[in-house]
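What follows is one structure encoded as C-alpha cells, with my remarks underneath.
If you're wondering where the values come from, they're calculated on a predicted model, not measured in any experiment. Just so we're on the same page: letters track the sequence lines, and every chain starts at 1.
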Amino acid sequence: MNSEQVRKIFLEYFTKLGHTVVQSSPVVPLDDPTLLFTNAGMNQFKDIFVGKIACPYEPPRAASTQKCIRVSGKHNDLEEVGKDEYHHTFFEMLGNWSFGDYFKQEAIQWAWELLTEQYKIPPEKLWAAVHYDDKESAQIWKNIIGLDERKIVRCGDEDNFWEMAETGPCGPTTEIHYDWGEKFDPDQSALPNSSPRFVEVWNIVFMQYFRNPDGSLDPLPAKNVDTGMGFERLVAILQGTRDDYSTDLFAPMIDTIAEISGHRYDENDRIRMAFRVLADHIRALAFAIADGALPGNTGRGYVLRRILRRAARFSRILDIHKPIVWKLVSPLIDKMGPIYPELLEKAPVITHIIKSEEERFGKTLDYGIELFEEIADRVISAGENEISGEDAFKLYDTYGFPLDLTRLMASERGLTVNMDEFEGLMEQQRQRARSTGTFSVEHQKKQDWIKITDGEDSYNLCYETESTEAEIRLFRRLSDDKIEIVLSQTPFYAESGGQIGDTGKIYNKFYNLNVIDTRYEGEHIVHICAADNAGQSMNILENIRAHPQVKAEIEHQRRDAIRKNHTATHLLHRALRSVLGTHIRQAGSMVAHDRLRFDYTHYETPTIDQLEKIERIVNEVIQNNLPVSTQITSYQDAIDEGAIALFGEKYGSKVRMVKINDFSKELCGGTHIDSTGKLGLFLITDEQNIGSGMRRIEAITGLTAVHYAQSIRRKWSEIKRKLSATEDEVLDRLDKLFDELSDIRKKQEKLSDARAETTAENLLESALQIEQSKVIISKVTVRSRDELLKIVSDLEKNVSSGVILLGAVLQDGKVAFVCSVTEDMINSNNIKAGEIVRQVATVAGGSGGGRPDFAQAGGNNPKKLDSALKLAEKIILHKIRN
RNA sequence: GGGGGAUUAGCUCAGUUGGGAGAGCACAAGCUUUGCAAGCUUGGGGUCACCGGUUCGAAUCCGGUAUCCUCCA
C-alpha cells in the first residue's frame with residue numbers, strides 16, 4: 001500500500017463517519033506568536049477547545065492530515081534526526097476530532113476498526129496503553145474491542161496524560177502500539193512505552209478536565225477528543241519496514257542523494273545518518289518556505305537557517321562540498337506536489353532560496369576557516385595545545401562557525417578545545433536572552449472589567465452604519481485619563497487584519513468620551529477613550545452607571561480615508577502578483593487613514609519599471625471605476641471561486657469575500673469603499689527591504705496622494721529654479737556641476753601643492769646650517785593642515801639630516817605645528833619630534849604628539865605662535881650644541 | 001526581543017596605545033616580449049556607511065542611525 005492510498009483511506013473513513021475534512025493549516029502559523037511552527041494536528045482547533053470560538057462543523061467532528069514541524073520548544077527533535085529511523089523535523093499527522101460530540105467508546109472503536117479492517121493490520125500485533133486512573137478506556141478495550149487483558153498496559157501521567165499548558169483543558173490518553181516482535185527485544189516481559197519492540201502508532205486524547213491555576217481539576221461540561229497518528233510511522237508499518245526512510249515517502253530523496261554522492265543508503269551508520277538528515281531536512285525546509293517562512297536570523301527564520309546548515313554540514317560526510325540540498329527540492333515536489341499544491345506553486349522560489357542560503361553558508365564557512373587558522377597558528381606558536389573556549393565561542397557566536405567543525409579542525413592539528421569555558425559562555429548568552437526577553441509581555445496587569453448593564457455585547461455594526469444608539473456594558477480604567485468601554489453594539493471597527501481601529505465619540509447629554517482607538521479583546525470590541533476633561537474623568541464611572549444609554553459615532557472622514565486605503569491594499573496585492581509573480585504572499589499589512597503599508601515575500605528588489613507598472617495597473621483600475629462588493633459565503637466556495645485567503649489566518653465556516661469586479665477577490669474582514677474611482681489616485685511612496693526575503697511597500701491614495709504630488713512639485717520647481725534649468729536640463733546641469741566641483745577641487749589641490757613647493761624652496765634657502773645638519777624653524781602661511789603637511793614632506797626630500805618644525809595659523813583661527821626629525825638627529829642628539837611638538841604646543845594652548853621622526857600638534861592661541869616657535873628654537877639648538 | 005561583529009578604491013581586504021589613507025586584482029597609457037595565468041614603468045580612481053560628540057588633531061575613541069553577517073530566546 002503506497003502512502004497516497006494510506007492518506008486517502010484515512011480521510012474517506014472519517015468522512016463516512018460524519019467528519020468534516022479540514023485542510024492542513026500552514027506549517028507556519030502567522031497568527032500565533034507563541035508557536036514557531038505548527039507542531040500538532042490540533043493547533044488549528046485550539047480556539048475551539050478553549051472556548052474562544054464556536055465549533056463551525058456540523059456534526060461537530062473534523063479530520064485532517066496536518067503538516068507539522070518539530071524543531072523548537074517542548075518538542076525539539078532537530079539534533080535527534082538521523083540517529084534513528086523515526087525522528088523527523090517535518091512529518092504529517094493524521095487526526096480526528098470530536099468537539100463535545102462522541103467520546104471514548106467511538107474514538108477507540110473507530111481507531112481500532114480503521115487499523116484492523118481498512119489497513120488490515122493483524123489485530124494480534126496491536127497493544128493498548130491507558131492511564132491507570134482511566135477505568136472507562138480500559139473497560140472499552142477489554143469488553144468492546146475484546147483485547148486481551150495482558151495487552152492493555154496501564155501507564156502514568158508521563159505517558160498517558162495530556163495537558164495543553166499549565167492551565168486549561170487536559171485529560172487522559174490512550175495509545176495504540178504496534179508490536180514489531182521479539183527480534184527487537186527478546187525480553188518476554190517487554191511492554192509498550194518502555195521497549196524498542198513497540199512503536200506508538202496512535203495517540204487518542206480525551207479532554208475531560210480543566211486544570212485550574214491551583215492545580216486542581218474540574219470536569220469539562222463538553223468533552224472533546226483529539227487524536228494524532230504519525231503518518232510516516234504508519235506507512236512504514238504498512239510497508240513492512242521499521243525504517244521510515246525506507247518507505248515510498250522518502251525514496252525519491254534517498255535515490256537522488258545516492259545518485260549525486262555515489263554512496264549507498266545502507267553503506268554504514270555514518271553514511272546512513274547523512275542520508276536521513278538530508279532526506280528529512282529538505283521536507284521541513286520546502287514546506288516551511290512554501291508556507292511563507294524564509295531563512296533569517298530571528299525567530300522561525302533562524303530555525304530554518306539552522307536546519308539548512310545542519311543539512312549542508314551532513315552533505316560533507318558524503319564528500320559533497322558544493323550546494324546540494326536544493327537539488328532535493330525537485331524529487332520531493334514530484335512526490336508531494338500533487339497532495340500539497342503549494343509546493344508546486346512555489347517550486348522555483350523554494351529552490352532559489354535554498355540554493356542561495358547554501359551559498360551564503362559556504363561563505364560563512366570559508367571565512368570561519370580563515371579565522372580558525374589564525375587562532376590555531378597563534379596557539380601553536382605560543383607553545384600551547386588548547387584553543388580557548390572564548391575563541392571557540394567567538395567563532396561560533398560572532399561568525400557562525402559550527403562548534404563541531406572547530407573541534408574537528410583542532411584535532412587535525414593536534415589541538416583540543418576548552419569545552420567547559422565554551423559551555424559557560426554559552427550559558428551566559430542564554431541567561432542574557434532569557435532575562436530580557438519574555439517578561440515585557442506580561443508586566444501589565446490590567447484592572448478587571450466592571451459590569452454596567454446586562455446583556456449581549458459587541459454586536460458588530462461596522463459594515464452597516466457609522467453611528468448608533470447603544471448601551472455601555474463594561475467599563476475599565478486604564479490610567480487617570482484613559483478608560484475602556486464595551487458597548488452592546490457598535491459601529492466602530494476594531495483593529496484587525498492590519499486595518500487600524502476607528503476613532504470617534506461616545507456621548508449623551510451627561511458626558512462625552514473621545515474614542516482614540518478601538519481594539520479586540522477576545523470577542524469584545526473595546527473602545528479606548530479619553531474623557532473630555534480631567535474633572536469629568538474623576539467621577540466618570542458614577543456618571544456612566546447612572547446614564548449608560550449613549551450614542552456611538554465614528555469619525556466619518558477618517559474612516560472614509562481608511563476605506564480607500566484598504567481597497568487600495570487589495571489592488572496593490574493583486575497588481576504585485578501579476579507583475580512580480582504569484583509567489584508573492586502578504587506577510588503583513590497596515591491600513592491607516594493617511595497611508596498603507598504592505599509587507600510581502602519576494603527575494604529580490606523590484607526594478608523601478610516593475611514598481612511603475614504596479615502603480616499604473618492600480619491607477620487603471622481606479623480610473624475604470626470598478627464596483628467593490630462584499631458577500632458572505634462559505635470558505636470553500638470562496639476558494640473555489642479563486643479568492644485569495646491569507647496564510648495562517650483562521651476562517652470560520654462563513655467568510656467575507658471582498659470582490660473588486662473581476663480584478664481581485666480576497667477574503668477580508670475590513671471595510672471598503674464601494675467603487676474604485678473614489679480612490680482618485682494611488683502613489684507608491686517607498687519600497688524597501690525589511691529582512692531577507694521580505695519587502696515592504698508604502699503607498700498613499702486620494703487627497704493624501706494629491707498633497708504628496710504637490711509637495712514633490714513644489715520641491716521640483718525649487719530645484720529647477722536654483723539650477724536655472726528647464727525640466728530636461730536639470731540632470732545634465734547637475735552632472736556638469738559635479739564635474740566642475742571635482743575639477744575645482746583638483747585644481748585647488750594642485751595649487752596648494754605648488755604653493756607648498758615654493759614655500760619649501762624658500763625655507764630650504766633660509767635654512768640654518770649646523771655642520772652637516774639643517775634646522776628649519778619657521779612660521780608659514782597655509783590654507784589647510786594638509787598644505788602644512790605637504791610643505792614638510794617636500795622639505796624632507798631635500799633634508800638628509802636635520803630638524804624641521806613649522807607652525808601656522810589655520811583658517812579657523814587655531815594653531816598647527818608639524819615637526820620632522822631625521823633618523824641620525826634622533827639618535828645622536830636625542831631630538832624627538834613628538835616631545836618637541838608637545839612642549840611647543842603647550843605654549844600655544846594645546847597639545848600634540850606623534851612618532852619620534854614625525855609629529856603634529858595644535859593649539860587654540862594664535863597670538864602665542866611666535867613665542868612657541870622661539871621656545872622650539874631654543875630647545876632644538878640647545879640639544880644640537882650639546 | 002537581547003548579545004557579538006562588519007561597513008575603507010570597481011572587487012578582495014590591510015591599516016595596534018588617535019598624528020602623513022594603503023596592498024593585490026581590475027582599469028588606462030607607455031615600454032618590453034611572438035612563453036599562453038605575461039613582465040616592467042607610470043597614471044586615474046576615496047565625503048574611510050551616515051549623523052553627532054570628545055580632541056590641537058578621528059578611518060581609529062564614545063553615543064546614535066542604517067544595512068549586512070552571526071549567536072541566544
Side-chain angles (χ1 to χ4, degrees), chain A residues 33-34 36 72-73 76 295-303 305-306 309 357 359-368 370-371 374 390-403 422-423 425-441 443 605 688-692 738 741-742 745-746 749 756 784-797 804 806-810 812-820 832-834 836-838 840-862 864-865 868:
Chain A
T34 65
L36 282 180
S72 59
N76 191 347
N297 51 8
T298 54
R300 59 176 70 97
Y302 180 52
V303 175
R305 176 164 285 172
R306 278 214 307 232
R309 293 186 170 192
E357 181 67 19
E359 282 161 358
R360 177 175 290 177
F361 184 50
K363 280 187 193 161
T364 301
L365 283 186
D366 290 344
Y367 192 54
E370 246 177 75
L371 291 170
E374 278 175 31
E390 204 183 325
D391 281 335
F393 182 72
K394 183 145 191 158
L395 275 174
Y396 177 68
D397 181 63
T398 302
Y399 300 102
F401 196 65
L403 177 67
F422 180 90
E423 285 301 334
L425 289 165
M426 206 66 196
E427 189 47 40
Q428 279 175 29
Q429 159 97 306
R430 286 192 198 104
Q431 287 295 340
R432 261 201 308 272
R434 236 174 269 142
S435 60
T436 49
T438 42
F439 65 71
S440 58
V441 184
H443 70 281
T605 313
Q688 57 174 332
N689 187 299
I690 54 164
S692 61
F738 281 126
L741 184 65
S742 148
R745 277 193 185 143
K746 273 179 210 154
E749 205 178 322
S784 67
R785 200 177 294 273
D786 278 347
E787 200 172 309
L788 191 61
L789 286 168
K790 182 77 173 72
I791 298 171
V792 174
S793 91
D794 278 347
L795 283 171
E796 279 175 339
K797 284 176 204 153
I804 302 159
L806 300 184
V809 178
L810 299 177
D812 58 2
K814 284 179 176 172
V815 185
F817 299 99
V818 176
C819 180
S820 171
K832 289 179 182 155
I836 304 239
V837 111
R838 195 170 302 120
V840 170
T842 311
V843 177
S847 69
R851 304 189 306 263
D853 65 312
F854 184 89
Q856 301 180 45
N860 288 323
N861 195 346
K864 296 283 179 120
L865 175 56

Closest nucleotide among B:G4, B:U70, B:G20 to the A:Ser793 side chain: B:G20

Looking at residues at least two apart in the chain, or sitting in another chain, which of them share a side-chain contact (heavy atoms from CB on, under 4.5 Å) with [X]?
X        : answer
A:Ala868 : A:Phe817, A:Val840, A:Val843
A:Val809 : A:Pro862, A:Leu865
A:Arg785 : A:Leu810, A:Ala816, A:Gln856
A:Gln428 : A:Leu425

Span that lies between the [atom1] atom of [M] and that of [N], in whole angstrom:
N     : M     : atom1 : answer
B:G53 : B:U60 : P     : 14 Å
B:A49 : B:G10 : P     : 13 Å
B:U41 : B:G46 : P     : 24 Å
B:U65 : B:A23 : C1'   : 32 Å
B:U70 : B:C11 : C1'   : 24 Å
B:G3  : B:U55 : P     : 29 Å
B:G57 : B:C40 : P     : 44 Å
B:U12 : B:G35 : C1'   : 29 Å

Sugar-phosphate only, base, or nothing, as touched by A:Glu390 at under 4.0 Å among non-hydrogen atoms: nothing

Sugar-phosphate, base or nothing in reach of A:Tyr396, heavy atoms under 4.0 Å: sugar-phosphate

Secondary structure of RNA chain B in dot-bracket form (Watson-Crick or G-U wobble, distances below 3.5 Å, | marking inter-strand pairs): ((((((((.[[[[.)...(..]]]].(((((.......))))).....[[[[[..)....]]]]]))))))).

Side chain to side chain contact (heavy atoms under 4.5 Å, CB included) partner of A:Pro295, the single match among A:Arg360, A:Glu357, A:Arg306: A:Glu357

In whole angstrom, give the distance that lies between atom [atom1] of [X] and atom [atom2] of [N].
X        : N     : atom1 : atom2 : value
A:Tyr367 : B:U7  : OH    : C1'   : 12 Å
A:Leu365 : B:C69 : CG    : P     : 15 Å
A:Lys363 : B:G5  : NZ    : P     : 23 Å
A:Gln431 : B:G1  : CD    : C1'   : 16 Å
A:Arg851 : B:U16 : CZ    : C1'   : 14 Å
A:Tyr399 : B:A6  : OH    : C1'   : 8 Å
A:Gln429 : B:G5  : CD    : C1'   : 13 Å
A:Lys832 : B:G19 : NZ    : P     : 18 Å

For A:Glu427, side-chain hydrogen bond (donor to acceptor under 3.5 Å, both in side chains) partners two or more places apart: A:Arg430, A:Gln431

Which residues share a side-chain hydrogen bond (donor to acceptor under 3.5 Å, both in side chains) with A:Asp391, sequence neighbours left out: A:Arg378, A:Ser388

Under the salt bridge (Lys or Arg N to Asp or Glu O under 4.0 Å) test, residues paired with A:Arg838 that sit two or more places apart: none

Contacts of type salt bridge (Lys or Arg N to Asp or Glu O under 4.0 Å), residue A:Asp397, not counting sequence neighbours: none

Earlier contact from the 5' end, RNA chain B, for A:Val792 and A:Met426: A:Val792

Residue whose closest nucleotide on RNA chain B lies nearer the 5' end, A:Lys790 versus A:Phe361: A:Lys790

Near-parallel close stack of A:Phe854 and B:G19 base (under 5.5 Å, under 30°): no

Counting C-beta onward and ignoring hydrogens, is there a side-chain heavy-atom pair between [X] and [Y] closer than 4.5 Å?
X        : Y        : answer
A:Ser784 : A:Leu789 : no
A:Phe854 : A:Val818 : yes
A:Arg309 : A:Thr364 : yes

Listed partners of A:Tyr399 passing ring-ring contact (aromatic ring centres under 6.0 Å, His included), at least two apart: A:Tyr367

Charged N-O contact under 4.0 Å between A:Asp794 and A:Lys790: yes

Could you go through nucleotides 41-49 of chain B and list every protein N or O atom that sits under 3.5 Å from one of its N or O atoms, giving the distance for each pair?
| residue | atom | partner | partner atom | Å |
| --- | --- | --- | --- | --- |
| B:G45 | OP1 | A:Lys746 | NZ | 3.2 |

Any A:Arg432 side-chain N or O less than 4.0 Å from OP1/OP2 of B:G2: no

Contact under 4.0 Å: A:Arg305 side-chain N or O vs B:U70 OP1/OP2: yes

Quiz item: A:Asp397 side-chain donor-acceptor pair to B:G3 base, under 3.5 Å: yes

When you compare the protein's N or O atoms with those of nucleotides 56-60 of chain B, which come within less than 3.5 Å of each other, and at what distance?
| residue | atom | partner | partner atom | Å |
| --- | --- | --- | --- | --- |
| B:C56 | O3' | A:Lys814 | NZ | 3.3 |
| B:C56 | N1 | A:Ser847 | O | 3.3 |
| B:C56 | O2 | A:Gly858 | N | 2.8 |
| B:C56 | N3 | A:Ser847 | O | 2.6 |
| B:C56 | N4 | A:Ser847 | O | 3.3 |
| B:C56 | N4 | A:Ser847 | OG | 2.9 |
| B:C56 | N4 | A:Gly848 | N | 3.4 |
| B:G57 | OP1 | A:Lys814 | NZ | 3.0 |

